[in-house]
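Data first, discussion second: the structure below is written as structure tokens.
Quick caveat: nothing in here was measured; it's all calculated off a predicted structure. Residue numbering restarts at 1 for every chain, and letters A, B, ... go by the order of the sequence lines.
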2 protein chains.
Amino acid sequence: MAGVSQSAVSRAFSPTASISARTRQKVLAAAASLGYRPNRIPAIMLSGRSYMVGVVIGGLQNPFYATALEQLATALRENGLQVMLMHVEDAVTLDSALDQLVSYRIDAVVTSLAIGSDTVVRALSQLGIPVVCFNSSRVGPWISTVNSNNHGAGLTAARLLAHNGIRYPVWLTGPVRNAASRARGEGFRQGLHDAGSPPAALSVLQGDDTYDSGYDAIARLKKRGVRPDGIFASNDMMACGAIDALRECMGLHCPRDVIILGYDNIPQAAWRSYDLTSFSQHTEHMVARTMELLDEALATQDTPLSRTYVVDAQLIERGSTGCAP
Amino acid sequence: MAGVSQSAVSRAFSPTASISARTRQKVLAAAASLGYRPNRIPAIMLSGRSYMVGVVIGGLQNPFYATALEQLATALRENGLQVMLMHVEDAVTLDSALDQLVSYRIDAVVTSLAIGSDTVVRALSQLGIPVVCFNSSRVGPWISTVNSNNHGAGLTAARLLAHNGIRYPVWLTGPVRNAASRARGEGFRQGLHDAGSPPAALSVLQGDDTYDSGYDAIARLKKRGVRPDGIFASNDMMACGAIDALRECMGLHCPRDVIILGYDNIPQAAWRSYDLTSFSQHTEHMVARTMELLDEALATQDTPLSRTYVVDAQLIERGSTGCAP
DNA sequence: TGTTGTTTTGCATAGCTATGCAATCTTTCA
DNA sequence: TGAAAGATTGCATAGCTATGCAAAACAACA
């Protein structure tokens with residue numbers, strides 16, 4: 001229709017191609033009237049690059065991950081990469097999920113999950129697909145990680161409790177398979193130890209990163225007859241559950257009777273009913289680091305990249321630790 | 001390596017293909033040892049179907065959309081469809097986003113946004129790409145919608161307020177461009193009218209679907225000197241903001257002084273500090289309807305499908321309207 | 001064994017674009 | 001005007017798999 005060759009059409013849509021302005025104009029005009037849009041699929045076959053990144057996540061109901069996904073998706077798009085989303089709840093389906101991603105020839109994988117089986121890791125290495133992990137500790141030849149400074153935050157939390165003269169601290173932990181949660185707990189113990197708090201004083205409560213599990217954990221604590229005065233929760237949702245349970249089950253008010261710290265600084269932490277002190281994972285930084293890793297890994301396509309970034313979390317002090325709003 | 005033709009390899013990975021068990025075994029064994037995985041990209045070129053669905057969303061920080069996305073992604077994967085995620089904040093970028101999706105030859109689009117410009121709609125129609133809208137009212141030849149019964153819920157909310165003898169009702173609305181919010185408001189007005197409440201009694205507050213906007217709206221109300229006794233918020237996050245503002249700015253307690261209803265039934269509505277009565281959009285149903293629409297639209301590829309499903313929302317009564325927990 | 005029917009296999013092609021290379025056109029300058 | 005340099009264009013090909021068709025292998029039966 002534009003009276004030009006197919007090559008010219010291709011070049012008209014490629015900004016860097018050698019083509020005269022007039023020809024490009026003709027092509028674009030014809031394309032517009034025909035509703036033609038270039039098809040990227042053949043280019044994937046030729047170049048071997050799809051410009052699609054597999055994003056594998058779970059637990060979107062945690063606002064922290066929702067926000068992180070939002071920012072990541074935006075950043076990827078700004079860098080000309082598409083997001084192929086994979087929602088995975090259990091490690092079992094992760095394997096098949098990655099298989100599907102691979103069959104679409106994704107360029108890389110970003111995940112907030114602890115990568116499942118070793119089979120997967122080996123498969124990805126064999127295929128030379130770069131992986132970036134968010135807050136998960138898996139290491140390997142093609143795997144890079146971006147973590148917030150979980151251990152450091154644990155230390156800070158412990159110091160804050162010590163500074164407030166806490167005698168009955170509580171560590172409200174997430175699932176054991178959650179590496180980030182484990183690291184926070186280790187930092188917290190370490191910090192308590194450094195402050196001279198006897199290990200026996202620490203109550204450890206197991207949760208599963210949900211509000212309900214935080215609530216229930218405190219209810220269990222009451223049955224044990226423990227009256228806590230300082231709590232560090234591995235995540236804000238559990239912290240909120242704990243705040244409500246303290247008030248409703250134990251009649252304890254925050255921060256008068258007990259001070260609480262959470263992690264993630266989700267929007268709800270700033271809601272007035274909770275007013276929760278929390279560690280803000282600087283997601284912008286973490287996403288930026290992730291993009292750096294992706295760019296580098298995709299540029300040097302055949303050399304495995306394996307780097308670790310640790311981004312400090314920032315303590316946001318609010319009412320739950322006695323800070324005035 | 002397996003000593004067979006390329007056709008045989010292709011057939012080995014296709015469950016329905018005509019191939020002997022022995023040959024398939026040989027191929028799969030060789031594939032496993034070579035790390036070979038079938039490449040779906042050429043199949044896209046041949047069949048014209050990519051089995052990828054563009055999912056275009058905004059406002060993931062609203063847990064309702066996060067949950068919906070989660071369920072949608074799961075449902076799509078169970079039906080053998082991939083999710084190409086597109087996060088979009090403003091209608092401006094929507095156009096370019098859709099362009100990108102189209103260039104990857106997605107089979108269909110699911111969106112929770114009011115589709116932007118007419119250009120986009122026309123372009124999608126021309127290309128024959130089916131679109132399913134979540135809670136957005138756009139109509140057109142290739143566009144289907146799955147809505148919750150917003151108007152009906154508005155009626156129900158009004159009836160509940162009337163039943164409680166409310167005299168100073170408030171409608172806390174979302175952005176005007178949000179069709180779902182508008183429909184809820186219309187139902188609410190209608191219901192108040194039906195109950196004999198004078199229109200002048202209704203205060204309308206404009207929010208933007210965030211907690212802060214709900215909080216601020218109530219603060220503005222105080223300045224106006226209005227003392228509300230019943231509030232219907234277009235979304236739970238605004239409702240939570242309102243609850244906190246009522247207590248902090250006006251000294252009003254819920255449900256003693258004022259009763260409140262929200263919409264979406266986000267997890268936080270069940271958190272004890274809010275205990276918010278809300279309308280639950282039956283996301284499972286809505287997602288199931290969406291899948292039905294997609295299946296049908298993809299089966300009859302060249303005939304435009306344009307259907308509307310309305311799914312009733314369920315009133316979940318909690319403490320904010322005086323229900324015992 | 002010969003015949004027929006069934007299953008399996010390989011051949012060859014299509015699908016659409018990007019790009020190296022050669023050919024053509026345009027510009028510049030002597 | 002002619003030549004050389006530069007810009008633009010078209011040709012032809014590659015990329016990997018699914019599938020129709022024909023050939024081949026196999027099974028069943030008389």
Cation-pi check, Arg11(A) onto Phe13(A) ring (under 6.0 Å, within 45° of axis)
no

Taking atom CG of Asn79(B) and atom CG of Leu294(B), what is their separation to the nearest 0.5 Å?
8.5 Å

Quick one: does any side-chain atom of Arg24(A) pair with a main-chain N or O of Ala12(A) as donor and acceptor, under 3.5 Å?
yes

Protein-nucleic acid N or O pairs under 3.5 Å, nucleotides 4-7 of chain D:
none

For nucleotides 11-23 of chain D, 5' to 3', base contacts (B), sugar-phosphate-only contacts (S) and non-contacts (-) with protein non-hydrogen atoms under 4.0 Å give BB-BBBBBBB---

Taking only residues at least two apart or on different chains, which pairs with a member in residues 60-71 of chain A satisfy side chain to side chain donor-acceptor pair (under 3.5 Å)?
Gln71(A)-Thr283(A)

Beyond-backbone contact of Glu296(B) with Leu305(B), side-chain heavy atoms, under 4.5 angstrom:
yes

Between Asp312(B) and His282(B), is there a side-chain heavy-atom distance shorter than 4.5 Å?
no

Under 3.5 Å side-chain donor-acceptor pair for Ser10(B) and Ser7(B):
no

